[in-house]
Amino acid sequence: MSDGNKGGITAGGAIFTRLKALGVDYVFANSGTDFPPIIEGLTEARAKDIDLPQAVVIPHEHAAMGMAHGYYLLSGRAQAVMLHTNVGLSNGATGAINAACEHVPLLLMSGRTPATEEGRFGARTVPIGWGQEMRDQSALVRETCKWDYELKFPEQIAGLLDRAHAIANSTPKGPVYLSLPRETLCEETPRDGLEGPTTIAPVTGAPDPSAIAQAAEMLAAAKAPLIIAQRGVGDATTFDAFADWAEDWGIAVCSWWATHLAISTEHPCHVGADPGPWLAEADVVVVLDCLAPWWPDKHPLAKSAKVINIGPDPIFSRTPVRNFRSDISIAGESGLTIPALIAAMDGKTRDEAATAARREKLAESSEATRGELRQAARAQQQRGITKALVSDLLGEALAGLKSSVFSELGTQLGVLKREEHRSWFQEPHSGGLGWSFPAALGAQLADPDRVCVATLGDGSYMFANPTVCHQIAEALELPVLVLILNNEEWGAVRASVTGLYPDGYAAKANAIPLTALKPSPDFACTAAASRAWSRSVTEAEDLPGALSAALKVVREEKRQALLNIKVLPD
Ligand SMILES: Cc1ncc(C[n+]2csc(CCOP(=O)(O)OP(=O)(O)O)c2C)c(N)n1
Ligand SMILES: [Mg+2]
């Protein structure tokens, strides 16, 4: 407990002080009965005029993790999440799986129930002190975190947080976990050194020049080069340079299961999301930060093709099975590797006529693909609203606006027009659903002027703890737009059953078991409970008007909005 002495501070307060010094703007917190030293320490630090991050109440841990994830996607800065002992941590574990899968850094912390039963300040006072004790609490997130540890002494706070922060932000980035025992948090620690800059710089992985030279040689000589890109290309400058370079060299860029935008959907080299036909023809394939670049059973790679894997962890060393071919593997941040590759190819001799012909063929093909997709989206309007129609109309409605779409079994990239860096994010390949709504909230917090749109299935919306997310949007004044693409089912699960057993009992049944979400709640009421502007849309002809009305609300009234859109099953 603090004695008010200027030289010391309660350990709980020291944590916030150090986090701010490390560049953390927000601590997304879900507290519990083990939080007194955290809450007391925070208040003490405020009283002592210490510069602190904003500590915000997030009423569900999964939302806290999703917000830290979304905040990072827009700001590039790792944030902190503070949860309650083992029970809070287990609710946040899916968020840790998502962050780890996407190399999103964050500092995850949770309390440890008191180890002592009596006789020490902070010792157990209520039965949960016994009920929430674990032999190895960190094990709940150890497999997904790059580093985990337990705070032993209060004077370790600055050093351990510096270390946690450096490891989280080192290539490949990812979440880290520190557990915080209550008795330790109750102790006092000196303030010295808590507010200075970090003592441990993160490691930024840069590409091996000889591997770059080899890759440049191979790509420059390619007759049918293909890039498959899932997690973008780094920063905004690299995004622009990549687009110019792909066009200059006439390289096809495919966005199969892209969770970030690597290239504008309107770019003449963006061949869409289907790698199949391109992979069959390609002689050199660049797998640009892709966990699963294609579907091995469906998309065969030409036998003679060479494959270059590029990314922060190009062969995904923490993934148990991932045996995609890799003739050259280049580790490093894409924002460094791509410019190095571009520079290494600059001035290489090439067959100008062949390059020009390739460029032309790509432009025609990408134009045709876009046209077909959007025409098909419009053609079905008579039957009702489809995900594709929502995608097409949302792209039009967002034209010219600084915006980001967070899609989770929602809108479809390519039908949806997306042109700018950071304008598109899809649920992580770990697929821990309930991600897109909180991610959009976190993104909105990071960039208040941006239009942040979560487009998600009805199942995904319910996984997001919607009442919690709407409460946060109101409390933090985050004017996100939520579009529920409501097919009243877990369509992806149904499609998976019929895909695997096309002629099976389930496919022939009147209703496929374990996939229906009927009766569907009136989600407009869920949003309205937190005073959001909300409407239900059932007719295709009403959708453009509803989209523009909702966008007007989020932009002009700065209030959250929701459209519950009835869509046909795919
Ligand atoms: C946390 C979690 N639980 C379960 C699943 C399994 N799952 C994958 S897709 C899906 C259905 C998603 O439904 P919805 O969001 O409505 O989209 P739809 O497929 O209907 O378009 C489920 C339940 C998951 N990925 N994550
Ligand atoms: Mg659904």
Side-chain angles (χ1 to χ4, degrees), residues 60-67 69-70 88-102 140-141 143-144 257 259 273 291-292 295 377 380 383-392 394 405-413 415-416 425-440 453-466 468-469 482-500 506-507 511-524 526-527 536-538 562-570:
H60 194 283
E61 296 83 355
H62 191 43
M65 295 296 284
M67 286 185 75
H69 192 139
L89 186 62
S90 66
N91 273 354
T94 301
I97 293 171
N98 283 343
C101 185
E102 287 284 304
L140 288 169
V141 291
E143 188 162 343
T144 52
W257 284 91
T259 60
L291 176 62
W295 177 350
Q380 292 169 353
R383 289 198 303 125
I385 305 175
T386 56
K387 284 187 183 182
L389 181 67
V390 182
S391 308
D392 188 28
L394 179 64
V405 173
F406 295 80
S407 183
E408 186 172 30
L409 296 141
T411 45
Q412 300 158 344
L413 184 65
V415 190
L416 175 73
F425 300 100
Q426 191 175 297
E427 82 276 2
H429 292 162
S430 46
L433 296 183
W435 167 86
S436 63
F437 193 170
V453 189
T455 73
L456 70 178
D458 50 325
S460 298
Y461 177 71
M462 287 192 271
F463 277 115
N465 302 293
V468 165
C469 290
V482 178
L483 305 183
I484 305 175
L485 279 62
N486 189 351
N487 51 16
E488 304 189 336
E489 62 165 353
W490 287 334
V493 180
R494 182 182 46 76
S496 188
V497 176
T498 53
L500 207 52
I512 296 190
L514 304 183
T515 58
L517 293 177
K518 288 179 187 167
S520 185
D522 185 345
F523 295 125
T526 310
S536 292
V537 184
T538 53
L562 175 140
L563 292 176
N564 181 19
I565 305 168
K566 187 176 172 64
V567 300
L568 295 166
D570 273 343

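One-based numbering, in listed order, for ligands and for the atoms of each. Being a predicted model, the structure only gives us computed values, none of them experimental.
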Here the atoms of ligand 1 under 4.0 Å from any heavy atom belonging to Glu489 are 16 (O), 20 (O)
Looking at Ala492, which atoms of ligand 1 are within less than 4.0 Å of one of its heavy atoms?
9 (S), 18 (P), 19 (O)
Main-chain N/O of Glu489 paired with Asp458 side-chain donor or acceptor, under 3.5 Å:
yes
CD of Glu143: more than 12 outside heavy atoms within 6.0 angstrom?
no
With atoms numbered from 1 as shown, which atoms in ligand 1 lie under 4.0 angstrom from a non-hydrogen atom of Leu433?
1 (C), 2 (C), 7 (N), 8 (C), 9 (S), 10 (C), 12 (C), 22 (C), 24 (C), 25 (N), 26 (N)
Side chain of Glu408, backbone of Glu427: donor and acceptor closer than 3.5 Å?
no
Quick check on contacts: which atoms of ligand 1 are under 4.0 angstrom from a heavy atom of Lys387?
18 (P), 21 (O)
Which atom pair, heavy atoms only, marks the closest approach of Leu416 to Ser391?
CD1-O, 3.2 Å
N or O contact, Leu517 vs ligand 1, cut-off under 3.5 Å
no
For Val415 versus Ala377, what's the shortest heavy-atom pair and its separation?
CG1-CB, 4.0 Å
Fit a plane to each ring of Phe463 and Trp490, take the angle between them on a 0 to 90° scale, and name the class: parallel (under 30°), tilted (30 to 60°) or perpendicular (over 60°).
parallel
For ligand 1, which atoms, with element, lie under 4.0 Å from some heavy atom of Gly459?
13 (O), 14 (P), 15 (O), 16 (O)
So, 4.0 Å and heavy atoms of Thr94: is ligand 1 close enough to count as a contact?
no
Main chain of Gly432, side chain of Asn98: is a donor-acceptor contact present, judged purely on distance under 3.5 Å?
yes
Could you tell me if any non-hydrogen atom of Glu408 lies under 4.0 Å from any atom of ligand 1?
no
Any atoms of ligand 1 less than 4.0 Å from a non-hydrogen atom of Gly431? List them with their elements.
24 (C), 25 (N), 26 (N)
Given a cut-off of 2.8 Å, the protein N, O or S atoms lying below it from the Mg ion (ligand 2) are Asp458 OD1, Asn487 OD1, Glu489 O
Near Asn487, which atoms of ligand 1 are under 4.0 Å from a heavy atom of that residue?
18 (P), 20 (O), 21 (O)
Report yes or no: does His62 contribute a side-chain atom to a donor-acceptor pair with the main-chain N or O of Leu433 at less than 3.5 Å?
yes
If I compare all heavy atoms of Ala492 with all of Leu409, which pair ends up nearest, and what's the gap?
CB-CD2, 3.8 Å
Which class fits the ring pair His429 and Trp257: parallel under 30°, tilted 30 to 60°, perpendicular over 60°?
perpendicular
